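Working notes, beginning with the structure itself.
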2 protein chains.
Amino acid sequence: MDRQQTNCCGARVDCAHCDIRPIAICGALQPMALGKLAAIAGTRRVDAGAQLIQEGEPAEDVFTLTEGMLKIYKLMPDGRRQITGFLIPGDLVGLAYGDSYIYSAEAVTDIVACRFRRGSLLALMADYPELEHRLLSRAGNELAAAQAQMLLLGRKTARERVATFLLGLAERRGIDRGEPMPLPMNRSDIADFLGLTIETVSRTLTLMRKAGLINLPDKHSVTITDMAHLQAASGD
Amino acid sequence: MDRQQTNCCGARVDCAHCDIRPIAICGALQPMALGKLAAIAGTRRVDAGAQLIQEGEPAEDVFTLTEGMLKIYKLMPDGRRQITGFLIPGDLVGLAYGDSYIYSAEAVTDIVACRFRRGSLLALMADYPELEHRLLSRAGNELAAAQAQMLLLGRKTARERVATFLLGLAERRGIDRGEPMPLPMNRSDIADFLGLTIETVSRTLTLMRKAGLINLPDKHSVTITDMAHLQAASGD
DNA sequence: GTGCTGCATTGACCCAAGTCAACGTGAATG
DNA sequence: CATTCACGTTGACTTGGGTCAATGCAGCAC
């Protein structure tokens with residue numbers, strides 16, 4: 001039996017069998033609501049390095065990331081960049097309040113995202129308050145993360161920033177002690193997330209490796225070898 | 001006719017006549033819902049310098065600020081502080097997602113806040129989706145502000161930070177060009193909001209005054225005398 | 001008035017992180 | 001295989017903003 005659904009745009013979307021449903025906004029919906037959600041959903045694939053959305057553009061779509069990693073960021077006119085988050089499957093992208101996106105999003109790895117028309121999602125929300133409830137809950141979590149990041153950017157040293165970053169990533173990805181953790185973003189992305197330069201990130205990682213806190217088997221993975229000291233180095 | 005209502009705790013709360021209702025979460029409620037809101041509301045007054053809530057405490061109450069200014073902040077174990085926002089009437093405090101507050105809040109000036117039991121507010125939200133809708137909308141705005149602040153903290157110079165701060169405050173408070181703007185917080189609060197030290201804030205303000213961008217009639221007010229150049233100095 | 005006391009300002013000096021530059025290194029290309 | 005190219009690392013030097021210390025100044029107590 002094929003439970004896939006064909007939506008308005010011809011894309012086939014199967015919310016009922018979606019891997020990330022339990023953790024995404026779709027998680028708590030009744031089968032009927034889920035059918036309606038699938039009906040307004042489409043799939044969007046983006047290659048690593050390509051843009052999903054751009055700051056300032058009209059915010060017509062909202063996405064749920066289902067595979068890969070996405071970075072969201074703001075730019076200054078002179079090109080300085082602040083990455084405000086690395087998104088993983090289950091995370092929501094583009095739910096601006098206003099009619100334009102307030103940040104850009106670029107794929108760190110190849111990604112797959114579930115696309116909803118903004119208007120359709122808002123309409124569905126009116127009928128299924130549970131959907132809005134999930135959204136509010138996610139917004140609350142994002143706000144908490146944003147505040148923790150403000151503390152990092154405003155008050156932590158380079159060493160504390162890098163330690164906090166590694167620990168946070170390990171926790172979000174559910175990496176066990178000693179297990180190698182993929183680091184899909186490059187040094188420039190890490191720098192722009194932590195408010196540092198590439199060179200400082202590189203030097204700090206090297207120092208941590210020499211101090212025995214971490215291992216760097218290759219430039220796209222880390223293992224945390226001394227959790228206790230890394231935690232101490234994070235400043236909290 | 002007295003429209004005030006007496007709530008469970010004996011406090012008298014009159015949502016229907018509240019000044020800030022149009023801008024707060026209560027704004028779009030029907031008279032009946034408003035009555036129920038008033039029934040679960042209480043009033044809390046806090047003197048300047050005293051705490052309203054503390055990070056880590058069980059999040060039993062949610063507040064809407066009705067008078068004065070509040071600062072919300074996070075602390076590191078060694079005392080470093082990051083102020084994540086200055087709240088003005090209409091703003092919501094303490095809607096943590098989780099069961100503990102994720103930040104502390106201290107009164108900058110004497111304040112008056114409208115208090116709701118968290119549980120009662122959540123229950124009311126189930127009956128009046130419009131309430132949840134307003135909350136989600138506010139959360140979206142806060143998230144946008146948080147991202148702008150991350151850009152400031154991660155990538156802007158001291159001069160850009162101070163300029164951005166003054167412009168943002170003037171806009172939020174609806175201050176007209178040339179009109180003196182009250183600056184109720186002290187230099188230490190500004191420093192901890194902008195990720196700088198007291199000395200750097202002071203020096204930067206002095207430089208801006210000498211450059212003719214602003215005036216500092218006393219230490220608790222500013223006037224913006226050259227909006228165009230201040231905007232240019234803000235970096236965006 | 002005098003003396004506190006708590007900000008705020010200013011100056012002199014320092015250092016963590018930025019800048020600039022050289023050099024590896026590994027993957028992709030012809 | 002050599003060549004290129006993008007990224008990462010490392011070193012030498014600079015600098016914006018921090019630190020430390022002195023001074024100013026208004027409000028308050030007596």
Side-chain angles (χ1 to χ4, degrees), chain A residues 47-50 71 76 78-83 106 108-109 152-166 182-211 214-222 233 235, chain B residues 47-49 71 76 78-82 106 108-109 152-166 182-211 214-222 233 235:
Chain A
D47 291 341
K71 62 191 177 209
M76 290 176 65
D78 65 3
R80 277 175 285 172
R81 181 178 69 156
Q82 180 64 40
I83 293 182
E106 185 183 314
V108 173
T109 63
L152 179 148
L153 293 170
R155 289 297 178 223
K156 289 190 177 179
T157 64
R159 183 181 167 84
E160 288 168 339
R161 292 178 200 210
V162 172
T164 304
F165 169 67
L166 293 176
L183 218 56
M185 69 290 287
N186 61 26
R187 298 293 185 264
S188 167
D189 290 340
I190 299 175
D192 283 347
F193 182 58
L194 299 180
L196 300 171
T197 58
I198 299 173
E199 293 91 331
T200 299
V201 170
S202 179
R203 278 189 256 267
T204 306
L205 286 172
T206 302
L207 284 173
M208 285 180 169
R209 180 175 55 68
K210 288 183 179 164
I214 58 171
N215 242 321
L216 297 165
D218 64 279
K219 53 190 177 186
H220 286 293
S221 32
V222 214
Chain B
D47 291 341
K71 61 191 177 208
M76 290 177 65
D78 64 4
R80 277 175 285 173
R81 180 177 69 155
Q82 180 64 41
E106 186 184 313
V108 173
T109 64
L152 179 148
L153 293 170
R155 289 296 177 223
K156 289 190 178 179
T157 64
R159 183 181 168 82
E160 289 169 339
R161 292 178 200 209
V162 172
T164 305
F165 169 67
L166 293 176
L183 218 56
M185 69 291 287
N186 60 25
R187 297 293 186 263
S188 167
D189 289 340
I190 299 175
D192 283 348
F193 182 57
L194 298 180
L196 300 170
T197 58
I198 299 174
E199 293 92 330
T200 299
V201 170
S202 179
R203 278 189 256 265
T204 306
L205 285 173
T206 302
L207 284 174
M208 285 179 170
R209 181 176 53 71
K210 288 183 179 165
I214 58 171
N215 243 321
L216 297 165
D218 65 279
K219 53 190 178 186
H220 287 293
S221 33
V222 214

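Please read all numbers here as calculations on a predicted model, not as lab measurements. Proteins get letters first, then strands, A, B, ... in listed order; numbering begins at 1 in each.
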Next on the checklist: Working to the nearest 0.5 angstrom, can you tell me the gap between A/L152 CG and B/L153 CG?
Outcome noted: 10.0 Å
Checklist entry - Tell me, do A/R159 and A/M208 make a side-chain contact under 4.5 Å, heavy atoms counted? => result yes
Next on the checklist: If you apply the rule side chain to side chain contact (heavy atoms under 4.5 Å, CB included), what do you find for B/L205 with B/R209, and how did you get there?
Outcome noted: CA-CA 6 Å; B/L205 285 173; B/R209 181 176 53 71; over 6 Å; no
Item to check | Interatomic spacing from NZ in B/K156 to CD in B/E160 - rounded to 0.5 Å | outcome: 6.5 Å
For a quick test of your reading: what N or O donor-acceptor pairs under 3.5 Å do the side chains of residues 184-197 of chain B make, sequence neighbours left out?
{"from": "B/N186", "atom 1": "OD1", "to": "B/S188", "atom 2": "N", "distance (Å)": "3.2"}
{"from": "B/N186", "atom 1": "OD1", "to": "B/D189", "atom 2": "N", "distance (Å)": "2.9"}
{"from": "B/R187", "atom 1": "NH1", "to": "B/K219", "atom 2": "O", "distance (Å)": "3.2"}
{"from": "B/D189", "atom 1": "OD1", "to": "B/K71", "atom 2": "NZ", "distance (Å)": "3.0"}
{"from": "B/D189", "atom 1": "OD1", "to": "B/R81", "atom 2": "NH2", "distance (Å)": "3.0"}
{"from": "B/D189", "atom 1": "OD2", "to": "B/K71", "atom 2": "NZ", "distance (Å)": "3.1"}
{"from": "B/D192", "atom 1": "OD1", "to": "A/R155", "atom 2": "NH2", "distance (Å)": "2.7"}
{"from": "B/D192", "atom 1": "OD2", "to": "B/R81", "atom 2": "NE", "distance (Å)": "2.6"}
{"from": "B/D192", "atom 1": "OD2", "to": "B/R81", "atom 2": "NH2", "distance (Å)": "2.9"}
{"from": "B/T197", "atom 1": "OG1", "to": "B/T200", "atom 2": "N", "distance (Å)": "3.3"}
{"from": "B/T197", "atom 1": "OG1", "to": "B/T200", "atom 2": "OG1", "distance (Å)": "3.1"}

Item to check | Heavy-atom side-chain contact between B/R161 and B/T204 under 4.5 Å | outcome: no
Next on the checklist: Can you build the contact string for nucleotides 7-18 of chain D? Use B for base contact, S for sugar-phosphate-only contact, and - for no protein heavy atom under 4.0 Å.
Outcome noted: -SBBBB----SS
Checklist entry - How large an angle, rounded to 10°, do the end axes of the helix from C/dG1-D/dC30 to C/dG30-D/dC1 enclose when each is built from five base pairs? => result 30°
Checklist entry - Quick check: are there more than 12 heavy atoms from other residues, nucleotides or ligands sitting under 6.0 Å from CZ of A/R80? => result yes
